[in-house]
J.: 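Take a look at this one; I'll ask things after.
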Amino acid sequence: MAMNANAPKVEIERVGDIALIRIDNPPVNAMSERVRQGLEAALIALAADPSVRALALYGAGRTFVAGADIREFGKPLAPPDPNDLIGRIENFAVPVVSILHGTVLGGGLELALGTHARVGVEGVQVGLPEVLLGLLPGAGGTQRLPRVAGVAAALDIILSGRKVSDREALSLGIIDRLVRDAPRDAAIAMAKSVLDGSLSTRRVKDLHIKPENALIEQAAEEVKRRQPNLVSPLRCIEAIAASTRPLSEGLIAERKAFLDCMNTTQRAGLVHAFFAERAVTDIPEKTAIPRPVAAIGVIGAGTMGSGIATSALLAGFPVALVETSDEALRRGFETISANLDGAVRRGQLAADLRDRTLGMLSLSAELVDLDRADFIVEAAFENLDVKKSIFAALDVIAKPGAIMASSTSFLNIDDIAAVTARATDVIGAHFLPPAELTRLLEIGVGTRTAPEVVATAFALAKRLGKVGVRAGMGDGFIGSRIVRQSFRAAERMMIDGTRPSQIDQALERFGFAMGPFRSLGLSGRNPDQAGRERKTGQGFYDHSQDPIVPYKPALQIIEEEGEKAGIPPHSFTDEEIVSRYMTAMISEAARVVENGIALRPIDVDAVLLFGYGFPRFRGGPLHYADTLGPTEILNRIERYAVEDSGFWQVPDLLRRMAERNGTFAKLNEMRQAPAERHSG
Ligand code: T1G
């Protein structure tokens, strides 16, 4: 049978009385059905060969197994069951050692925990991130990790989903030794060490667990308090608690909890969010060659400019920061210094690198000092005339081939580019505040922006650790106009008599990190750019209090306005609040997709997830819309339009979807990026 060149391969190599098993399933050796079948066949063959005295498992390419194949989720589990496979390894008659390199996560670590010794290659990271996908380790991780590392470490690693470094994994007993060799060389050497007794082996199932009921209960209380919406964290704890029982019983408890979580909409939402971060890189310009970027320029040292400069410094770029006055530069420098201290506290920057990183920042009050920058981001006032004057000056100063980006979220890049002689080098780079933390980077593509300039912006986004999403030109890029529309729905409910705090609380129970009025108070600006700056720290809330409280004078004004307008006070239920807010958001998101400003629905999901605090377990507004269905959404709009037909209008795309029972998921499949579309 002609083998598909990309088919996963599990190969046996004999080295004397040692057998190596090599897993080769690019790009991350996901433990797909074909890999499981290959592993099972290899193990059966080797079990029948008396000349084999030791086995060594290792991965080809950049990593050992990085997990189950997420693309198989939601389908019936094809044999062999990972538990059976791992059990076959654990009960193998001769010793089995695994060599861990790269990112050994989820099912990959569970596979390794079934072997009798685990050897890490320096730099390896291990983890059980299933909780980040709305799941729990489903192939023995909740049963074997506590046995090797203890319940406390298992709770921490499984509930956080974090990656564990090579040295921490060694200290916790997750790996037994660290080496520097290439995986295959390590496999041979370690199998020999097992045979000469210098590397001891043990079956994890035989390890005893000390019950830690207090820890379990404390972890459960913490999860209920911090993540009340999520299902899988509590199920993780339940499974870990079962690890004090015999392994066979614990595995049954774990598998039941795993399957329960597999069937939740949260798992579907979180997996969608995982793929959204990757799908958005599929752009029409993806074959263009990015220009090299070695130095970054930033214009404006306000909160946004300082955040952008911080993000570039943390990514290792030298940054030239320009402002109009020394006082503004001083304030910017202080902000950036504080941002770097925050990065050290978060563990994002090593303390001993903090000063050197800050040393890569140069300050100037002269635009001419940007003449060596390869990528310049303008973060000045959101005013077209201001930006035009800056770009006209930049056009003279910036070196040939330099890319000039505006951090605008609303203004049309074509209008800005028009004042330059190199519109092909002008692009939008909309960072979201706080720019040093928020992962979204909306990349606004003008009509004349060159493909390699778009590709360069996406390459820079990746180096900054950002999620770059392509936005065409329209009334605002993607996120701002969608959030503006949903905020207007919230304002209408407030004017109709529902308190801002109730609206916020309903949406925070839905899963938003922060309700629209609370986040407005923090950012100080209305998404409408209406400039309702809050100088006194008071608006809908009194931010001088901790925790903040509704600001009574504001509520009084709202009530008086309502009376003047003859609107009887009416408080919407939580369900109605969420329904109106989300229906407004989905409608505007549908328009953004329909107008081609976003390439696909999944791009809109990525913008709201990575830039606007949309609850990750709901997958984004359009993934969430599919859980309602287009007809339900259309009926809601038509019901609300009776009150206000100006605001509530059915987008054509939604009407067509309702007629054909379409979904945004199907639209994602259809909207693969055309090869060379340049229109903004
Ligand atoms: N399954 C399928 N595809 C995967 C995958 C996976 N587990 N991991 C990555 N990919 C794809 C990804 O979509 C992209 O595809 C390409 O590989 C490169 O990924 C039983 C049930 C490993 C740290 O959660 O964290 O095991 O876009 O761009 O930046 O208990 O991928 O090229 O078409 O991210 O170098 C647990 C998820 C699964 C790991 C590498 N494992 N992956 O990062 O590359 S659940 C995970 C990652 C599980 C068991 C349970 C990262 C990475 P494309 P990439 P990267």
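All values derive from a computational prediction rather than experimental measurement. In listed order, ligands and their atoms are each counted from 1.
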J.: At under 4.0 Å between heavy atoms, is it the side chain or the backbone of L128 that contacts ligand 1, or both, or neither?
T.: neither
J.: For ligand 1, which atoms have a heavy atom of G106 less than 4.0 angstrom away?
T.: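 Listed by number with element, the hits are 26 (O), 36 (C).
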J.: Are there more than 12 heavy atoms of other residues, nucleotides or ligands under 6.0 Å from atom CZ of R346?
T.: yes
J.: Short list, please: which atoms of ligand 1 are under 4.0 Å from a heavy atom of D69?
T.: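 This gives 1 (N), 2 (C) as the contact atoms.
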J.: Counting from 1, what ligand 1 atoms have a heavy atom of P27 closer than 4.0 Å?
T.: 16 (C), 17 (O)
J.: Could you tell me, atom by atom, which parts of ligand 1 come under 4.0 Å of a heavy atom of E110?
T.: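 The list of qualifying atoms is 20 (C), 30 (O), 49 (C).
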J.: Consider salt bridge (charged side-chain N to carboxylate O under 4.0 Å, His left out). Of R203, R144, R147, R202, which one does E90 pass it with?
T.: R144
J.: Which of the atoms in ligand 1, numbered in the order shown and given with their element, are less than 4.0 Å from a heavy-atom of A66?
T.: 22 (C), 39 (C), 41 (N), 46 (C)
J.: Within 4.0 Å of atom 17 (O) of ligand 1 (strictly less), any protein heavy atom?
T.: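 At least one protein heavy atom is under 4.0 Å away.
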J.: Under a 4.0 angstrom heavy-atom cut-off, which atoms of ligand 1 come close to P137?
T.: 30 (O)
J.: Pair up each side-chain donor or acceptor in residues 80-87 with any protein partner under 3.5 Å, not counting sequence neighbours, and list the distances.
T.:
residue	atom	partner	partner atom	Å
D81	OD1	N83	N	2.7
D81	OD1	R255	NH2	3.1
D81	OD2	R255	NH1	2.6

J.: N/O of K163 under 3.5 Å from N/O of ligand 1, yes or no?
T.: no
J.: Give yes or no for whether the N/O distance cutoff of 3.5 Å, strictly under, is met between T103 and ligand 1.
T.: no
J.: So, using salt bridge (Lys or Arg N to Asp or Glu O under 4.0 Å) as the criterion, who are the partners of K256 when residues are at least two apart?
T.: D260
J.: Give the numbers and elements of all ligand 1 atoms closer than 4.0 Å to a heavy atom of F258.
T.: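 Those of ligand 1 that fall under 4.0 Å from F258 are 21 (C).
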J.: Atoms of ligand 1 less than 4.0 Å from G107 heavy atoms?
T.: 26 (O), 48 (C), 49 (C)
J.: Is atom 42 (N) of ligand 1 less than 4.0 angstrom from at least one protein heavy atom?
T.: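 Given the 4.0 Å cut-off, atom 42 (N) of ligand 1 counts as touching protein heavy atoms.
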J.: Taking only non-hydrogen atoms of G141, do any sit less than 4.0 angstrom from ligand 1?
T.: no
J.: Tell me the contacting part of M31 for ligand 1: side chain, backbone, both, or neither, using a 4.0 Å heavy-atom threshold, strictly below.
T.: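 None of M31 does.
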J.: Does ligand 1 come near enough to E130 that some N or O of the ligand is less than 3.5 Å from an N or O of the residue?
T.: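 Yes - when backbone and side-chain N and O of E130 are compared with those of ligand 1, one distance drops under 3.5 Å.
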J.: Counting heavy atoms only, which part of I70 comes closer than 4.0 Å to ligand 1: side chain, backbone, both or neither?
T.: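 Both parts.
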J.: Select one of side chain, backbone, both or neither to describe which atoms of A68 lie under 4.0 Å from any atom of ligand 1, heavy atoms only.
T.: both
